[in-house]
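By convention here, the first residue in the shown sequence is residue 1.
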Amino acid sequence: MSAYKSDFLRVLSERGFIHQVSEPEALDARAAAGPITAYIGYDCTAPSLHIGHLLPTMMLYWMQQTGHRPIALMGGGTTRVGDPSGKDESRKILTDETINENLKSIRKTFDKFLKFGSGPTDAIMANNADWLNSLNYIDMLRDVGRHFSVNRMLSFDSVKMRIDRQQELSFLEFNYMILQAYDFVELHKRHGCILQMGGSDQWGNIVNGIDLGRRMMNAQLFALTAPLITTSSGAKMGKTAAGAVWLNADLLSPYDYWQFWRNTEDGDVERFLKLFTILPLDEIKRLGALKGAELNDAKKTLATEATALMHGRAAADQAADTARQTFEEGTLAQSLPTIEIKRADLDNGLGFLTASVEAGLVASTSEARRQIKGGGLKVNDVTVTDEKMLLTPKDLTPEGVIKLSLGRKKHVLVKPV
């Protein structure tokens, strides 16, 4: 369905967020008639969300911008269980204390994208621990479990994939889809929520919730999924050699976050501008049409706008400025990511392999050795050829730091204290 009447579905469609919608005409009519409430679930397995969570968060952002009420549902309860979707093995069990710490930390990210409060379109931060942690098992089996067919549950991709690969799927995880469906019913009861959104791999789980809502409350609920984002070369978006692209500044500096977006493949620039910035579509079309060297300007715009949304305009401008000084003017920008080392370690000679791991350029010393063989690691812009190299006070630049680099785009300053 292309000609949506509601601003909400029209904006999501034009910007590339829609993969599948259940009953699109009915949902469109509800959204055109007045504010609706929708939710997306997030588990609290780490103290920060990562780049994979950004697409759903942008969906909540646009939902609120077009006059509707978003719910960010924290999985304080379901994190205790584990979602088998797309996973090959069981998730490790976290303590309630760790889950709550993670939840508090994640909240800060949502404050950047959503306005919370008690108004009709103000966002709600919900936590499924509020209803799941106090559930009585027998009541749950009787009231909810009876609506689920095990035959049907076994047919879901997330379950079938694990069974086909002969990887164990615990009864705990098998229950996850029942709990997720129950979340939808609870949010409908508590907040009048009629729509669940998520990635396309969540379609089966969301449809379960629609079905349960109909059986338990005769409610009309809806599903909307976004495409899973892969880069134009077919790689999964957000996976880098150094690991996950975290959204919290204490886990990934705004400069490194800026660089992640700056390194976007040519074929993805226009699509990512639509999904991950709030620039107007006509401006995005203009940037997407740039060719050759000019396309780099579009990539810089993508990097700066995406970083401004996450870390604020000042941090984004500083990251852009640091990159310009480092790459275009060849000067040493003092605002590059910096790690501190003990001066005594430098005086005694600090192993280059160890320093490159500590600086976060590589994940291990064996990876550092591989990079040296390929000519990928540098000290003060000079390629390192000896894996036994020691960093000493002789390597300090006039600014009193040592610049370590991986390739042309990743740099960290080592500062003795």
Side-chain donor or acceptor of [X] paired with backbone N/O of [Y] under 3.5 Å:
X	Y	answer
Q64	T121	yes
D256	L252	no
H50	G52	yes
N380	K403	yes
R15	K274	yes
E305	L279	no
N208	A181	no
N136	D139	yes
D395	T392	yes
H68	I36	yes

Can you confirm whether the side chains of [X] and [Y] place a donor and an acceptor under 3.5 Å from each other?
X	Y	answer
S200	H19	no
D7	T66	no
D43	Y176	yes
Q196	Q202	no
N102	T45	no
D28	S6	yes
T307	W261	no

Give the minimum heavy-atom separation between [X] and [Y], together with the two atoms involved.
X	Y	answer
G288	E270	CA-OE1, 3.8 Å
A323	W258	CB-CZ3, 3.4 Å
M197	A38	CE-CB, 4.3 Å
L251	P47	CD1-CG, 4.5 Å
N128	G76	OD1-N, 3.3 Å
H188	A219	NE2-CB, 3.5 Å

- Message: side-chain contact (heavy atoms from CB on, under 4.5 Å), that's the test. Do F17 and L55 meet it? Break it down for me.
- Response: CA-CA 8 Å; F17 285 98; L55 188 90; 3.7 Å; yes

Report yes if the side chains of [X] and [Y] come closer than 4.5 Å at any heavy-atom pair, otherwise no.
X	Y	result
T277	I284	yes
C193	F184	yes
V362	K410	no
M74	D130	no
F352	D386	no
V269	L287	no
I178	N175	yes
L377	S405	no

Can you tell me how far [atom2] of [Y] sits from [atom1] of [X], rounded to the nearest 0.5 angstrom?
X	Y	atom1	atom2	result
M140	Y182	CE	OH	6.5 Å
L247	L309	CG	CG	11.5 Å
D183	I71	CG	CD1	10.5 Å
T264	L302	OG1	CG	4.5 Å
M310	N248	CE	CG	6.5 Å
L346	K394	CG	NZ	10.0 Å

- Message: Apply side-chain contact (heavy atoms from CB on, under 4.5 Å) to residues V21 and T225 and explain how you reach the verdict.
- Response: CA-CA 7 Å; V21 188; T225 59; over 6 Å; no

Show every donor-acceptor pair shorter than 3.5 Å between a side-chain atom in residues 56-63 and any protein atom, with sequence neighbours excluded, or say none if there are none.
unit_1	atom_1	unit_2	atom_2	d
T57	OG1	Y42	OH	3.0
T57	OG1	H53	O	2.7

- Query: Between S22 and I210, is a side-chain contact (heavy atoms from CB on, under 4.5 Å) present by the stated rule, with each step listed?
  - Reply: CA-CA 10 Å; S22 67; I210 291 175; 3.8 Å; yes

- Message: Applying salt bridge (Lys or Arg N to Asp or Glu O under 4.0 Å) to K415 and E340, what does each step give before you reach the verdict?
- Response: CA-CA 5 Å; K415 186 179 181 182; E340 294 182 342; 5.0 Å; no

- Query: Can you check salt bridge (Lys or Arg N to Asp or Glu O under 4.0 Å) on R271 and D268, steps first, answer last?
  - Reply: CA-CA 5 Å; R271 184 167 56 121; D268 295 324; 2.9 Å; yes

- Message: For the aromatic rings, using the six-membered ring if either is Trp, is the centroid distance between F116 and F110 under 6.0 Å?
- Response: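 They do not qualify: ring centres at least 6.0 Å apart.
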
- Tell me, please, whether Y257 has R262 positioned over its six-membered ring: NZ or CZ under 6.0 Å from the ring centre and within 45 degrees of its axis? no

- Worked check of side-chain contact (heavy atoms from CB on, under 4.5 Å) between L73 and L187: CA-CA 9 Å; L73 176 68; L187 288 171; 4.0 Å; yes

- Item | Residues, nucleotides or ligands: over 12 heavy atoms within 6.0 Å of K285 NZ |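 Not buried by this count: 12 neighbours or fewer within 6.0 Å.
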
- Message: Applying salt bridge (Lys or Arg N to Asp or Glu O under 4.0 Å) to D266 and K299, what does each step give before you reach the verdict?
- Response: CA-CA 8 Å; D266 292 2; K299 290 182 186 182; 2.5 Å; yes

- Item | Under-4.0 Å salt bridge between D282 and R286 |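 No, D282 and R286 are not salt-bridged.
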
